[in-house]
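Take a look at the structure set out below.
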Amino acid sequence: MKKGNKQNKSATTKVIAADLPANAGYGANDPKGDDLARNTEDSVGEYLTTNQGVRINDNQNSLKAGDRGPTLLEDFILREKITHFDHERIPERVVHARGSAAHGYFQVYESMAEYTKANFLQDPSVKTPVFVRFSTVAGSRGSTDLARDVRGFAVKFYTQEGNYDLVGNNMPVFFIQDAIKFPDLIHAVKPEPHNEIPQAASAHDTFWDFISLMPESMHMIMWVMSDRAIPRSLRMMEGFGVHTFRFINERGKARFVKFHWKPLLGLHAVVWDEAQKISGKDPDFHRRDLWEAIENGDYPEWELGVQIVEEKDEHKFDFDLLDPTKIIPEEIVPVRRIGKMTLNRNPDNFFAETEQVAFHTGNIVAGIDFTNDPLLQGRLFSYLDTQLIRLGGPNFHEIPINRPIAALHNNQRDGFMRQTVNRGQTSYEPNSLRGGCPFQAGADMSGFTTHAERIDAQKIRARSASFFDHFSQATLFFKSQTEPEQNHIVRALRFELGKVETPHIRERMLFLLAQVDKTLANRVADGLGAKVPVKLDRPMNMSFPADADPKKFQPKRATQAIETSPRLSMVDNPNFPKDNIKTRKIAFLVADGFDDVAVSEMKRALLTAGAAVMTVAPRLGMLTGANGEQVKADLSFLTGTSVMFDAVYVPGGEASVVLLKKESESSNFLNEAYQHCKTIAASGAGVELLERTGIIRDSSGDGQEANPSSAQAGIITTREDDVAGIAASFVEGISQHRHWQREMTL
Ligand code: HDE
């Protein structure tokens, strides 16, 4: 048999995906999966070929003049391979370069016909395929997942009537009010241009220089300095459409709408110290978490929420609905949950899908429309434009991940990489040669019609005075946080401004913070060893035309309808009761001689509650329990650290605990988990390990250490090996996610 040949291959085997069974590997009812299958290829059982389909006999050696001679230009196989390799990269996204994505579907709970004619929001039995890409904003494609940053939350709905993209973020407001400031904002936050430092971080002079001159960003700054900017998981964060959009019903009636995504796993964050450590230990933490959850069948779910406002109420609020630096507090207009999105399939190929997916705020369907939000208006230009450079031409809509499942017919033709072979003589409309086809669709045939908004205005470069209240909602956000969350904002600002080297930038920021909340500003100033200035030597707002009167552009506070909005907090948010531990990761610290009974009982309790358990041991391989039970060590102290977990359990077993005590890493593990306010449980001799670290100060108890004081909240122990007795408290402790009371004693 010749090298590389396989006897059982028929010479006619084709590699193209059209031959794959419909739904290859994707399950039934997945129209986008079916569509993608036309382009998938897995090479299993196939010969190696060139891109022209010529079978390759030797993939090890280039063609040479003699075995020690020069390589020949003639070697078309070498040239094709290397040329393709040389061109494998496309430009990364100018923002949101770092991302992770998944497939899934969306189903509406009941028809929304009263509000919108959008086809995918009518029938609860219809599953609309979606592709969702989460991202960070500032870092490049290879940057860490755990940067302090906004997270992109972009959803492409492949509806029967065309693609609808809801290109949102995990924060409901934005830094700026007008698209014309976007390049400035991004230039300021990206690594500084002279030395390309720092990567994926806002903690540097240029970002804070810009922000200190943009009071309109203060509301967003509160969000970015809060724990929302360091989510525990992409599966545990909210999403927001940010802008006000419109719903249009069959009768043409329009209403304003704001979109929300509410995660069914709740809202959770890590702590900043943890985020920085994860960035070193596992920079792919969020990507891995999303991937693994889907592989394990723990499909992340979000409910789509809408806040609907009648057109007649447009001016009823103390802010402008068109201003993207404002929210409509949920206490004022409740969020109605109208459907659910489930992510149930990982991409087959990162480049083909996650990298090449092209979102565009302009991808809308009949029943949804834009508003005049000046940030949204700019985005409507930017997304199509950016894809032209990023994906190399006007035909990116033909890339499998981008093409709609709805039929696509028009007279657009040609261009780089055109895939469609358009038949026929005509490529214009109107025409008679092709019977007028393709023809326009009436509104009754789902033809898109723009909402006929009345506009009677002068053409001016200006911003409405209704956009000038830059601080009230920043104050609302800060006041709505629990004490530990406020502490985190203070510390985040101390960290970020602490990295700023130019004194006047810090001072301007302290002045702006004082407009939000005086205590906040004073506390940040304390940490910086600075004082809050009483006035500035330049106007607060530098964002006005060159010959304008600066006084006219100063922020103005409006009276607020509410003082606090509990739904802005992550810790104490009535939308997200802390009542489960589903998919949380728990570490068991074990060594040979561990208490087999304790391990299996605790494991059973945690698995029943939906958590995942991993063993971390001094070494990899099989471990033997005191009664001879064998357990595989999933991680060693070298490969597994506490920041990868939500909680820790130390079972008893004298021999195991003796071995663990010899490992300084076991103490580090526990100390770090304690410092990050995680739930820690120990039973039998395992309690001694907690004593050695100082986590438990009172060594006389018998399980009484469980919550004896707020400082010990989330520390659950029993010396009696009564694992069944503490399992419920452990589960309850983990469901609280973090025990911030402990942090205040640090
Ligand atoms: Fe984007 N944004 N953006 N943005 N944005 C992009 O499009 C832009 C804004 C958001 O996973 C780019 O394909 C402008 C707000 C997400 O592929 C680009 C302005 C919100 C993603 C672009 C904004 C977003 C992007 C870069 C101000 C939340 C990632 C690559 C007017 C509502 C989508 C690309 C993905 C990506 C422009 C502001 C969300 C350059 C000009 C506000 C989630 O077109």
Side-chain angles (χ1 to χ4, degrees), residues 90-103 130-141 145 149-156 163 165-190 214 216-217 219-220 223-224 228-229 234 237-245 257-261 286-287 290 322-327 343 347 350-364 370-392 396-397 399 401-402:
I90 60 172
E92 67 172 32
R93 288 167 175 81
V94 60
V95 282
H96 296 265
R98 169 80 185 170
S100 309
H103 291 275
V130 296
F131 188 66
V132 181
R133 183 174 179 273
F134 302 104
S135 47
T136 54
V137 177
S140 36
R141 209 185 125 181
D145 281 343
D149 201 350
V150 193
R151 299 296 181 289
F153 193 132
V155 181
K156 191 179 281 293
N163 287 353
D165 292 356
L166 182 51
V167 197
N169 278 344
N170 75 331
M171 298 178 191
V173 289
F174 202 63
F175 296 94
I176 48 171
Q177 295 174 323
D178 192 310
I180 201 164
K181 299 311 300 167
F182 191 66
D184 298 299
L185 166 74
I186 299 305
H187 287 173
V189 72
K190 283 272 183 183
M214 295 292 288
E216 70 201 51
S217 64
H219 186 195
M220 181 65 166
W223 284 82
V224 183
R228 300 262 182 169
L234 301 169
M237 60 185 202
E238 283 182 280
F240 303 91
V242 176
H243 315 282
T244 304
F245 291 89
V257 59
K258 289 245 185 209
F259 293 108
H260 297 241
W261 290 109
H286 283 154
R287 179 176 287 180
L290 179 66
L322 302 184
D323 175 355
T325 66
K326 304 296 185 295
I327 55 164
L343 298 185
F350 185 91
F351 179 83
E353 302 176 73
T354 311
E355 192 62 8
Q356 291 202 109
V357 66
F359 291 95
H360 178 18
T361 43
N363 291 349
I364 51 165
F370 315 118
T371 59
N372 298 331
D373 171 342
L375 196 69
L376 174 60
Q377 293 283 320
R379 294 180 73 199
L380 292 175
F381 165 73
S382 178
Y383 288 71
L384 180 56
D385 181 50
T386 206
Q387 312 307 351
L388 292 174
I389 179 88
R390 200 170 70 78
L391 297 164
F396 61 85
H397 64 281
I399 295 173
I401 194 66
N402 294 325

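Just so you know, ligand 1 is whichever comes first in the structure, and atom 1 is the first atom listed for that ligand.
- Comparing Ala179, Gly378, Ser135, Gly168 by heavy-atom distance to atom 43 (C) of ligand 1, the nearest is Gly168.
- Around atom 40 (C) of ligand 1, the closest heavy atom drawn from Ile186, Leu384, Val94 belongs to Val94.
- Between Phe370 and Phe245, the ring centre distance reaches or exceeds 6.0 Å.
- Heavy-atom proximity to atom 13 (O) of ligand 1, evaluated over Arg151, Arg93, His243, Gln387, is greatest for Gln387.
- Of the inter-residue distances, the one linking Asn402 atom CG with Phe359 atom CZ reads 8.5 Å to the nearest 0.5 angstrom.
- Under 3.5 Å, the side chains of His243 and Arg379 contain a donor-acceptor pair of N or O atoms.
- Counting only protein atoms, the N, O or S atoms lying less than 2.8 Å from atom 1 (Fe) of ligand 1 are Tyr383 OH, ordered by chain and residue number.
- Considering only heavy atoms from C-beta on, Asp323 stays 4.5 Å or farther from Glu216 through its side chain.
- Residues Val130 and His103 form no side-chain contact, since every pair of their non-hydrogen atoms from C-beta on lies 4.5 Å or further apart.
- Relative to atom 34 (C) of ligand 1, the option among Leu391, Val357, Thr386, Thr354 with the closest non-hydrogen atom is Thr386.
- Here Phe240 has no heavy atoms under 4.0 Å from ligand 1, in either its backbone or its side chain.
- Residue, atom and distance of the protein heavy atom nearest to atom 28 (C) of ligand 1 are Asn169 ND2, 3.1 Å.
- Between the side chain of Lys258 and the backbone N or O of Val242, at least one donor-acceptor pair lies under 3.5 Å.
- Using a 4.5 Å heavy-atom threshold, the side chains of Met171 and Val224 count as touching.
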Salt bridge (charged side-chain N to carboxylate O under 4.0 Å, His left out) between Lys181 and Asp184, intermediate numbers included:
CA-CA 5 Å; Lys181 299 311 300 167; Asp184 298 299; 3.1 Å; yes
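- Taking a 4.0 Å cut-off on heavy atoms, Phe153 registers as neighbouring ligand 1.
- In this structure, the protein non-hydrogen atom closest to atom 35 (C) of ligand 1 is Arg133 NH1, 3.1 Å.
- Side-chain atoms of Asp145 come within 3.5 Å of backbone atoms of Arg287 as a donor-acceptor pair (strictly under, hydrogens ignored).
- When hydrogens are left out, the protein atom nearest atom 33 (C) of ligand 1 is Phe359 CD1, 3.8 Å; that is the closest non-hydrogen contact.
- Ring planes of Phe240 and Trp223: perpendicular class, angle over 60° (limits at 30 and 60°).
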